[in-house]
Amino acid sequence: MVGILALQGDFAAHRQALAERGVSTREVRKPTDLQGLSGLVLPGGESTTMLKLMAEFGLETPLKQAIAGGLPVLATCAGVILLAREVQNPPQPSLGLLDVAVVRNAYGRQLASTVAELTVTAPEELPSPTLEGVFIRAPKLVQVGEGVRVLAKRGEDPVLVRQGAILAATFHPELLPKNPVVDLFLELARRRG
């Protein structure tokens, strides 16, 4: 069972992408929804709104504990902002579980949304030398800590990173069919069982 944070944002697209792979999902809105999960998706959306709702529903601390305890996570776009150690433009609080610094909306506003070809830098984790990424008001990773591995880049920018069981994409792999990033996350979740 994979959980999808469903407070706000594009959680339905993640649910659809996982359903197409035959994966059962549960929408996560309260602490008890975290029980028994093998993985968790933090979707794109408005990170400030998600943080506010997490605090309102008492979800912030249980979520931090679950992820810090090794629950595999796929964070996309705003989900990366939620996990980042540091958030810029403007600065804002975060869960601080992923050793990266991000700049919000660094690739432009909604009108600058695009599909870009990405270079895979960790072929042992992703089977193809390139993949496509959908960028919608995407954050940019401007610092990556030593314990964070870059799996793919857009130009020189890291856009897909892994820190332990956390997989973080500044783009939206759930929006393209058969995207291997979703499959890599599911492999992490299967290993947890």
List the atom of Arg26, the atom of Gln35, and the distance in Å for their closest heavy-atom pair. NH1-O, 2.7 Å
Does Lys30 have any side chain to side chain contact (heavy atoms under 4.5 Å, CB included) partners at least two apart in sequence or in another chain, and if so, which? Thr32, Asp33
Shared ILVMFWY cluster between Val142 and Leu160, side chains joined below 4.5 angstrom? no
Residue pair Val28 / Gly3: nearest heavy atoms and the distance that separates them: CG2-CA, 3.9 Å
Which side-chain N or O atoms in residues 67-80 pair as donor and acceptor under 3.5 Å with protein atoms at least two apart or in another chain?
unit_1 : atom_1 : unit_2 : atom_2 : d
Thr76  : OG1    : His14  : NE2    : 3.1
Thr76  : OG1    : Gly44  : N      : 3.4

Do any N or O atoms from the side chain of Thr114 and from the backbone of Ala116 form a donor-acceptor pair under 3.5 angstrom? no
Among residues at least two apart in sequence or on other chains, which ones pass side chain to side chain donor-acceptor pair (under 3.5 Å) with Asp183? Arg21
Which pairs count as side-chain hydrogen bond (donor to acceptor under 3.5 Å, both in side chains) when at least one residue sits in residues 51-65, sequence neighbours excluded? none
Atom of Glu156, atom of Lys153 and distance for their closest heavy-atom approach: O-CD, 4.0 Å
Is the shortest heavy-atom distance from the side chain of Val161 to the side chain of Ile166 under 4.5 Å? no
ring-ring contact (aromatic ring centres under 6.0 Å, His included) involving Phe171 - partner list, sequence neighbours excluded: Phe135
Search all heavy atoms of Leu175 against all heavy atoms of Ala13 and return the closest pair with its distance. CD2-CB, 3.9 Å
Distance to the ring centre below 6.0 angstrom and angle to the axis at most 45 degrees; does that hold for Arg154 and Tyr107? yes
Nearest 0.5 Å please: distance from the CG atom of Leu98 over to the CD atom of Glu86. 12.5 Å
With a distance cut-off below 6.0 Å to the six-membered ring centre and an angular limit of 45° from the axis, does Arg29 pair with Phe11 as a cation-pi contact? yes
With the side chain counted from C-beta on, respond yes when Ile4 and Leu42 share a heavy-atom pair under 4.5 Å apart, and no when they do not. no
Gln163 meets the side chain to side chain donor-acceptor pair (under 3.5 Å) criterion, sequence neighbours left out, with none
If you compare all heavy atoms of Ser38 against all heavy atoms of Val2, which two are closest, and at what distance to 0.1 Å? OG-CG2, 4.1 Å
Minimum side-chain heavy-atom gap Pro158-Val144 below 4.5 Å: yes
Evaluate the side chain to side chain contact (heavy atoms under 4.5 Å, CB included) criterion for residues Leu176 and Val134: first the C-alpha distance (whole Å), next the side-chain angles of each, then the deciding distance (0.1 Å), finally the verdict. CA-CA 8 Å; Leu176 295 175; Val134 178; 3.8 Å; yes
Evaluate Thr25 against Val41 for side chain to side chain contact (heavy atoms under 4.5 Å, CB included), listing each step before the verdict. CA-CA 10 Å; Thr25 58; Val41 174; over 6 Å; no
Side chain proximity check, Val159 to Leu141, heavy atoms < 4.5 angstrom: no
Heavy-atom side-chain proximity of Val102 to Thr170 below 4.5 angstrom: no
Pro31: which residues meet the side chain to side chain contact (heavy atoms under 4.5 Å, CB included) condition with it, sequence neighbours left out? Leu59, Pro62
Min side-chain heavy-atom separation Val148-Val150 under 4.5 Å: no
Which residues share a side chain to side chain donor-acceptor pair (under 3.5 Å) with Glu46, sequence neighbours left out: Arg137
Ile136 vs His172, test: side chain to side chain contact (heavy atoms under 4.5 Å, CB included). Steps then yes/no. CA-CA 8 Å; Ile136 305 170; His172 291 268; 4.1 Å; yes
Quick one: pull up CZ in Arg85 and CG in Asp99 and give me the separation to the nearest 0.5 Å. 4.5 Å
Partners of Ala19 by side chain to side chain contact (heavy atoms under 4.5 Å, CB included), sequence neighbours excluded? none
Mind checking what makes side chain to side chain contact (heavy atoms under 4.5 Å, CB included) contact with Gln92, not counting sequence neighbours? Ser47, Thr48, Leu51, Ile81, Val87, Arg104
How long is the span from the CD atom in Glu117 to the OG1 atom in Thr130, to the nearest 0.5 Å? 4.5 Å
In the structure I gave you, are the side-chain heavy atoms of Leu82 and Met54 within less than 4.5 Å of one another anywhere? yes
Tell me, which pairs form a ring pair (Phe, Tyr, Trp, His ring centres under 6.0 Å) where one or both residues lie in residues 51-86, sequence neighbours left out? none
Cluster overlap Leu40 with Leu53, hydrophobic side-chain contacts below 4.5 Å: yes
Would Leu5 and Met50 count as a side chain to side chain contact (heavy atoms under 4.5 Å, CB included) here? Give the steps. CA-CA 9 Å; Leu5 186 68; Met50 286 193 266; 4.2 Å; yes
Tell me every residue that passes salt bridge (Lys or Arg N to Asp or Glu O under 4.0 Å) with Asp157, counting only those two or more places apart in sequence or in another chain. Lys140
I want to check something: taking the side chain as every heavy atom from C-beta on, are Leu126 and Leu131 in contact at a cut-off of under 4.5 Å? yes
